[in-house]
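Heads up: the structure comes next, in structure tokens.
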Amino acid sequence: MRTDVIVLGAGIVGVSAALHVQAKGRSVVLLDRRGAGEETSFGNAGLIQREGVYPHGFPQDFGTLVRHALNNRVDAYYHLSALPELMSFMARYWWKSRPGTYSNIARLYAPLIKHSLSEHRVLLDEAKAGNLILERGWIKAFRSERERDKALIEAEEMKRDFAVGFEALDGAALARKEPAIRVPLAGGIYWIEPVSVNDPYALTQAYLKLFESRGGLFVRGDATTLEEMQGGWRVSIAGGMIEARDAILALGPWVDTVTGRLGYRFPFAVKRGYHMHYKPQDGKSLNHCVLDAEGGYIIAPMAKGIRLTTGVEFARRDAPKTPVQLTRAEPVARAFFPLGERLDPEPWMGSRPCTPDMMPVIGPAPRHKGLWFTFGHAHHGLTLGPATGRLIAEMMAGETPYLDPMPYRAERFL
């Protein structure tokens, strides 16, 4: 089989890239070992975070580092056995999260975030998937006035520097927005602009259906069989090969299985996370996605029920599930909101693909003609899929990109 472009990886990032490249008039085959959206894109909190200009940094204050080192928290957990191979990445991640460096990264990251929602809206309209969207923003809730006030200072800076809209909530205002919450709260931040997706998997499927309706082809195959050939690239599928002039690696946490074979050594790690769905008790409703800031978990209204998502687990990507954080979070979340019976037979687990500077890698491979990268979106894969898809498609077409791609180029790590 011959095509113009092979996109390897059919999560939200890969499907978005396939759609945008296809819109440039090129034939595209999308390849994944599983169905589209069945890995990392399946299990997030469902937020398109227009406000997310500050990526998730490594804690800098000594007290927080000590608390994390005890390894008994909901928001972060680590496998002791994985630390030796993670230490180099963690050191670079900590270094990039220092206040001055972190502020510079936010300014480089902000242009992508700025276009995250508008680019989703284009595809949502074309895919007729608006029914999956809740135009409600989301809430960061605080139990203590101290933590609330610290967060409000940061929110004011974001509003000033990046035109991000929010509303400060006292305890009473928060209770009016979420009357089913059981614990007294000091207040919160209501982020106005973001939207929630009530089924992230269904959104990826809707985008895939749009891609296929326009002549795109989705196939099952093994991305690790990708190899360079004269004039392009080829990859194995059942019963044959696909050949193309260009290949895009959108493999999320598995990208190193291909880039490593091609001689690229990116500083790269995964942050694993878990979720479980619950039936709300007594017909109670959750109106917004809510982060219990001091509790270290998120509850989000989904089509299936209330989704409880955990924080970050540092572990080897392929290590067995260890849903320790979910076990810790569940009783806290039940006291916070009336969660009923579990709706999933077992906890879901996914892996977020992360770089130490907290920004994705987007652009051409430095040493291979016709090879393109779009990976490393960490906590913002769902948020940034269409925005990065448009960026890489414009670069591949030789057009002037709609924003400067230089901060995201692979060369910054090589």
Side-chain angles (χ1 to χ4, degrees), residues 3-44 46-48 112 115-133 195 197-221 223 226 235 237 242 244 246-255 258 350-353 360-362 372-378 380-397:
T3 188
D4 294 332
V5 181
I6 307 166
V7 179
L8 297 106
I12 189 68
V13 172
V15 174
S16 298
L19 273 168
H20 278 284
V21 171
Q22 183 186 58
K24 299 297 180 184
R26 304 181 73 181
S27 60
V28 182
V29 172
L30 179 64
L31 178 143
D32 201 291
R33 63 179 181 175
R34 298 184 61 181
E38 292 186 4
E39 294 282 5
T40 307
S41 297
F42 184 87
N44 52 66
L47 285 172
I48 300 174
L112 269 179
H115 291 89
S116 59
L117 185 52
S118 59
E119 290 301 320
H120 260 290
R121 290 197 188 281
V122 173
L123 297 187
L124 283 164
D125 183 61
E126 293 174 349
K128 296 180 173 55
N131 62 304
L132 300 175
I133 299 299
V195 303
V197 181
N198 66 16
D199 189 337
Y201 171 69
L203 181 66
T204 305
Q205 288 290 309
Y207 288 175
L208 174 68
K209 184 177 179 180
L210 177 63
F211 168 73
E212 292 178 324
S213 73
R214 294 175 172 175
L217 179 64
F218 172 71
V219 299
R220 303 289 182 94
L226 181 72
V235 65
I237 60 171
I242 301 175
D246 294 292
I248 301 174
L249 298 186
L251 292 166
W254 294 276
V255 71
V258 177
S351 299
R352 309 173 183 98
V361 175
I362 310 168
W372 300 81
F373 297 146
T374 176
F375 65 86
H377 294 73
H380 287 154
L382 175 64
T383 294
L384 292 176
T388 57
R390 177 182 170 185
L391 182 60
I392 199 163
E394 290 176 348
M395 296 171 72
M396 292 178 70

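Note: hydrogens, waters and symmetry copies are ignored here, and every other heavy atom, side chains too, is used.
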- Query: Do you know which two heavy atoms are closest between A247 and L8, and how far apart they sit?
  - Reply: CB-CD1, 4.1 Å
- Got a second to check how far H380's NE2 is from R352's CZ, nearest 0.5 Å? 10.5 Å
- To the nearest 0.5 Å, what is the distance between CG (L391) and CD1 (I362)? 5.5 Å
- Message: Is it the case that the side chain of S16 and the backbone of V13 share a donor-acceptor pair, with hydrogens and angles ignored and the cut-off at 3.5 Å?
- Response: no
- For D32 and G11, work out which heavy atoms get closest and say how close. OD2-N, 4.3 Å
- Would you mind reporting whether L112 and P360 have side-chain heavy atoms less than 4.5 Å apart? yes
- How about L226 and L249: do any of their side-chain heavy atoms sit closer than 4.5 Å? yes
- Set of ring-ring contact (aromatic ring centres under 6.0 Å, His included) partners for F373, sequence neighbours left out: Y264, F266, F375
- Task: Kindly say whether F211 contributes a backbone atom to a donor-acceptor pair with the side chain of Q22 at under 3.5 angstrom?
- Result: yes
- Query: Is there side-chain contact between W372 and V5, with at least one heavy-atom pair below 4.5 Å?
  - Reply: no
- Item | Shortest non-hydrogen contact from P253 toward S351 | CG-O, 3.4 Å
- Message: Rounded at 0.5 Å granularity, tell me how far CZ in R390 sits from CD in E119.
- Response: 4.5 Å
- Would one find more than 12 heavy atoms of other residues, nucleotides or ligands at under 6.0 Å from atom NZ of K209? no
- Give me the one residue out of V15, L124, L19 that meets side chain to side chain contact (heavy atoms under 4.5 Å, CB included) with L210. L19
- Message: When you measure from the side chain of E39 to the backbone of G350, do you find a donor-acceptor pair of N or O atoms at a distance under 3.5 Å?
- Response: no
- Taken to the nearest 0.5 Å, the spacing of I12 CD1 from N44 CG works out to 9.0 Å
- Item | side chain to side chain contact (heavy atoms under 4.5 Å, CB included) assessment of T3 paired with I6 | CA-CA 7 Å; T3 188; I6 307 166; 4.1 Å; yes
- Looking only at non-hydrogen atoms, find the nearest pair between G46 and P200 and report the distance. CA-CG, 3.9 Å
- Which heavy atom in P386 sits nearest to a heavy atom in H20, and how many Å separate them? O-NE2, 3.3 Å
- Query: Hey, mind stepping through V28 and I248 against side chain to side chain contact (heavy atoms under 4.5 Å, CB included) and telling me if it holds?
  - Reply: CA-CA 10 Å; V28 182; I248 301 174; over 6 Å; no
- Message: Apply side chain to side chain contact (heavy atoms under 4.5 Å, CB included) to residues I133 and V197 and explain how you reach the verdict.
- Response: CA-CA 5 Å; I133 299 299; V197 181; 3.8 Å; yes
- Item | Reported CG-to-CZ distance for the pair L203 and F42, which is rounded to 0.5 angstrom | 13.0 Å
- Task: List the steps and the verdict of side chain to side chain contact (heavy atoms under 4.5 Å, CB included) for V29 and I237.
- Result: CA-CA 11 Å; V29 172; I237 60 171; over 6 Å; no
- Query: If we only count heavy atoms from C-beta on, is the D246 to R26 side-chain gap below 4.5 Å?
  - Reply: yes
- In short, V235 meets L31 closest at the heavy-atom pair CG1-CD1, 3.9 Å
- Measure the spacing between OG of S116 and CZ of R121 and express it to the nearest 0.5 Å. 10.0 Å
